[in-house]
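So you know, we letter chains A, B, ... as the sequences are listed, proteins then strands, and number each from 1.
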Amino acid sequence: MSFVEYRDTIKDGDTAIVFLGHESMFAVKVQHGGKTQTKYGVIRHSTDLIGKRYGSKVTCSKGGWVFILHPTPELWTMNLPHRTQILYSTDISLITMMLELKPGSIVCESGTGSGSLSHAIIRTVAPTGHLYTVEFHQQRAEKAKKEFQEHEVEHLVTVKNQDVCKNGFGVSNVADAVFLDIPSPWEAIGHAKSALKIEGGRICSFSPCIEQVQRTCLAMEEHGFTEINTLEILLRVYNVRTISLQIPDLGKASEDNSGAGFDSSNQSNQGGLYGVLQQGTAQFKSGVPLKEMVGHTGYLTFATKSLF
Amino acid sequence: MDESAEPGLRIREGDCAVLKRDEVFKAVPVLRRRKVIFEKQWFYLDNAIGHIYGTTFEVSSGGSLQPKKKMEESTTETKEAGTDNRNIVDDGRSQKLTHDDIKALKDKGIKGQEIVQQLIENSTTFRDKTEFAQDKYIKKKKKKYEAVITIVKPSTRILSTMYYAREPGKINHLRYDTLAQMLTLGNIRAGNKMIVMETCAGLVLGAIMERMGGYGSIIQMYPGGGPVRAATSCFGFPESFFKTLYEFPLSKVDSLVSGTFSSETLTSETECNVPVEEESNGSVKEKTTLIQETEEESSSEAVMEGIETEDQETMDLAAEDAEYKENKERGSKENIREKQRKQQERRRKLVETAALLEERNADGLIVASRFHPTPLLLSLLEFVAPSRPFVVYCQYKEPLLECYTKLRERGGVINLKLSETWLRNYQVLPDRSHPKLMMSGGGGYLLSGISVTMEKIQSDASSLEAQKIEEPTSKKRKLQELHC
């Protein structure tokens, strides 16, 4: 397994994703002799996982089965252990594109947090780019380092345990892009500017509160950033369902059958749009929104550093 | 700054550059002595050559570009201002300068900054406006009279924004954030072997190529005579990126899936040497290539702006057409040999591409086309390895409902998700922060999922999976829901 490259078979030491069904999955570290409990029974790593192809179905001891998936940053984001609130793939997607990340990009990020965005950045800049990530919390910085090692991507990332607002990213004029997800991003704008290449680059700041955004935009302007743009992105998911609606009984006009309405006793006029399942119902496919959706994660502010 | 250290840092002749003024973008080829129209201004790009991308220019008299020095903002002296607009009457007479006066100023060559100053001084209501209103007024006038143009390097961000604003019909109304989702959900990265089917003028292909950085390979499926790659050429990728880009006709997919494909069955349709015309909105104008590749199987046309007539000025159509005709007439024997050689090369590449597909180990599938997605998904998924993501874009939701259903029946896919994204822009100013007035009404829909090994016993996969995946029916619901 590799977070930056696809491999076909499961190996000892891999991080694999166990998929149990509708939005139910978890990450597992594959080890010789290891055992993982699921609601369908036990998965024995040595016999059930190691050597099997990713994407295979694995039957557990109680008879139920699961799928073993190759890890991707997106699957990791859904299954990683939270040490902080994380960024989800919706925001990550927009950040990646708006910062113009691609293989070879040099990126500075703070705070590392739980490494959700970090993994996505590493995937995008590999094999020739690099991520410099700064985390002021010592344990989180340690845990992130350890995870990058386990995921075989430590050659693509440098973790620094320091305060970006006071000491910056530890590099100068090398970055194509800088990302800030910290409580007071306006205090780090100056450092961000010096971390970015002289000829220019992109910056993004993520803040939940509009007041933070206001201060950050002001700081960006003062430091000469251009193209300052704040936006937010929300994900709407739909469940695909076949719906049957009952046709109301409006009674029958006495003798006169000239009614052009939705006559439930006349099955032939239902053509095209509605399949009549049984007497009195109309059936159709619908994309039904979920009862609740995420309404806000944070405001994303992008800007450009240029020479002029 | 060492140019060799960072190729592509400076504007060079032959590049595809993007002109930017505020939120408006336009892609143009960088050619000397070629008049360019952009935002009601005419100019030549000659002076821009050699400058670094991101430089801002002003259009000076005669149409030449001058780099704009960063001006210090005039000190904010406490200007006279009102408190509210209760006494301001908009009778259209507050500006004392007439159209002609302003034109005279412009003709005299007065700088935009000065014109704005004149407008302020000749406005009777300016000093009664609130500070905010004055700010807004100045911004508005600056936008109109202080025209600065920035020349930026093309990227997915820039081109997808440009296409969505200018030519959404060409890209099936794929909004840029939806494209961003596709690239991430599809785990597009260096080293992948991707299958792409798009009819978005090559924008999606270009975005994928950018994220792959020239590593790995891409097989582009195409309808008709050849893939349209107008937008792809705007990205300015090096030649090496195209060495691992393959194409395969959709019309041969069925035979490949069923195992009946063979190079002997190639008909003359795949050997057609007529450049493919723009497909999407019926505009059939043959445009010749920007960079001198006379591709016959794929049309790498540098159609920068689609159907706008301004194109004609920036493309040297006449000259290249004549050259083409000349080549046709010259030495027909030589021509026939050349044609045969090209046919053989095409056939060889087709067989090579078919072999790549038949390995059935692609790392992902991206579909974004004007065609109904279901048949595309059902057949192209055959070429994808297990445990790999796929993403389908559709301008409309309903075809994806059907696609979802058919995929459930087929089996071999999990984690199916139908979604769309909402995008909202904000104005952020001290004491004046709020979402902007207008927002995009829709940017299309995505259906994504992960492939898994196909079950040999079909019923096992679909029924068990369906049961496991769908939520149990609530007894109290009035709507009777059936699992798809």
Side-chain angles (χ1 to χ4, degrees), chain A residues 4-6 8 19 21-22 53-57 67 69-70 72-74 89-90 92-94 96-98 100 102-104 120 123-124 126-128 199-200 210 213-214 217-218 224 229-238 240-245 281 285-287 299 301 304 306-308, chain B residues 1 6 9 52 54-56 67-68 70 155-157 176-177 179-181 183-185 187 189-192 210-213 215 363 385-389 397 401-402 404-405 414-415 417-426 428 430 433 450-453 468-471 479-482 484:
Chain A
V4 295
E5 200 180 35
Y6 281 117
D8 277 336
F19 182 88
H22 187 53
R53 206 174 174 194
Y54 276 108
S56 303
K57 192 186 249 196
F67 282 102
L69 302 176
H70 196 291
T72 63
E74 287 59 57
S89 297
T90 312
I92 292 175
S93 306
L94 194 61
T96 307
M97 187 185 79
M98 298 294 274
E100 303 185 357
K102 54 184 186 260
R123 173 265 315 269
T124 302
T128 44
E199 56 268 24
I210 194 71
V213 174
Q214 287 175 308
C217 285
L218 212 55
N229 180 30
T230 303
L231 37 75
E232 70 174 335
I233 183 167
L234 295 174
L235 184 72
R236 268 184 63 90
V237 178
Y238 297 97
V240 183
R241 295 272 179 272
T242 304
I243 308 289
S244 278
L245 292 182
T281 60
K285 280 254 185 352
S286 177
Y299 301 102
T301 303
T304 304
S306 65
L307 285 172
F308 306 99
Chain B
M1 246 152 297
E6 174 79 58
L9 183 64
I52 295 176
T55 306
T56 303
K68 185 172 193 314
K70 194 122 192 238
S155 65
T156 301
R157 166 180 81 96
Y176 45 95
D177 60 298
L179 175 59
Q181 300 301 313
L183 298 170
T184 298
L185 288 173
N187 196 20
R189 62 184 175 184
N192 279 3
E210 186 183 82
R211 290 282 272 264
M212 287 177 62
Y215 300 91
D363 293 318
S387 189
R388 299 290 184 269
K397 203 196 323 181
L401 295 177
E402 201 217 276
Y404 180 105
T405 309
I414 55 168
N415 213 26
K417 185 149 96 168
L418 174 61
S419 64
E420 68 165 331
T421 43
W422 279 8
L423 189 67
R424 204 178 196 188
N425 272 282
Y426 283 76
V428 178
S433 301
I450 303 176
S451 62
V452 289
T453 51
K468 208 189 263 194
I469 282 151
E470 310 306 346
E471 287 145 87
L479 297 176
Q480 194 178 328
E481 293 185 41
L482 284 180
C484 307

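Within the model, atoms CG of L183(B) and OG1 of T124(A) stand 9.0 Å from one another, a figure rounded to the nearest 0.5 Å. R236(A) contributes atom CZ, which lies 6.0 Å from atom CD of E420(B) (distance to the nearest 0.5 angstrom). Between S93(A) atom OG and D177(B) atom CG the span is 9.5 Å, to the nearest 0.5 Å. From T72(A), atom OG1 reaches atom CG of D363(B) across 12.0 Å, with rounding to the nearest 0.5 Å. Atom OH in Y215(B) sits 12.0 Å away from atom CD in E5(A) (nearest 0.5 Å). Taken to the nearest 0.5 Å, the OG1 atom of T421(B) stands 7.0 Å off from the CG atom of L235(A).
If you check the side chains of Y6(A) and N187(B), you find a donor sitting under 3.5 Å from an acceptor.
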Intermediate values then yes/no, side chain to side chain contact (heavy atoms under 4.5 Å, CB included), K57(A) and V452(B): CA-CA 8 Å; K57(A) 192 186 249 196; V452(B) 289; over 6 Å; no
Check against side chain to side chain contact (heavy atoms under 4.5 Å, CB included), M97(A) and T184(B): CA-CA 9 Å; M97(A) 187 185 79; T184(B) 298; over 6 Å; no
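The contact between Q214(A) and chain B is made by backbone and side chain atoms together, counting heavy-atom distances below 4.5 Å. Only the side chain of I450(B) has a heavy atom closer than 4.5 Å to any heavy atom of chain A. Using a 4.5 Å cut-off between heavy atoms, I233(A) contacts chain B through both its backbone and its side chain. Only the side chain of R53(A) comes within contact range of chain B, with at least one heavy atom under 4.5 Å from a heavy atom of that chain. Both the backbone and the side chain of Y176(B) have a heavy atom closer than 4.5 Å to some heavy atom of chain A. With a threshold of 4.5 angstrom between heavy atoms, E232(A) approaches chain B through its backbone and through its side chain.
By the 4.5 Å heavy-atom criterion applied to side chains, Q181(B) and T90(A) are counted as neighbours. Y238(A) is not listed as a side-chain neighbour of S419(B), based on a closest heavy-atom distance of 4.5 Å or more. Residues V237(A) and L418(B) have side chains not in contact (no heavy-atom distance under 4.5 Å, counting atoms from C-beta outward). Side-chain contact between T405(B) and T242(A): absent, with no pair of heavy atoms (C-beta onward) separated by less than 4.5 Å. Using a 4.5 Å cut-off on side-chain heavy atoms (C-beta onward), H70(A) and R388(B) make contact. Side-chain contact between L69(A) and N415(B): absent, with no pair of heavy atoms (C-beta onward) separated by less than 4.5 Å.
A pairwise comparison of heavy atoms in R157(B) and M98(A) identifies CD-O, 3.4 Å as the closest pair. The minimum heavy-atom distance between A190(B) and A126(A), with the atom names listed, is CB-O, 3.6 Å.
Each of V213(A), T301(A), T230(A), N229(A) was evaluated against Y426(B); a single residue qualifies, T230(A), per the side chain to side chain contact (heavy atoms under 4.5 Å, CB included) test.
Interface summary for chain B: among V4(A), L218(A), T128(A), the most heavy-atom pairs under 4.5 angstrom belong to V4(A).
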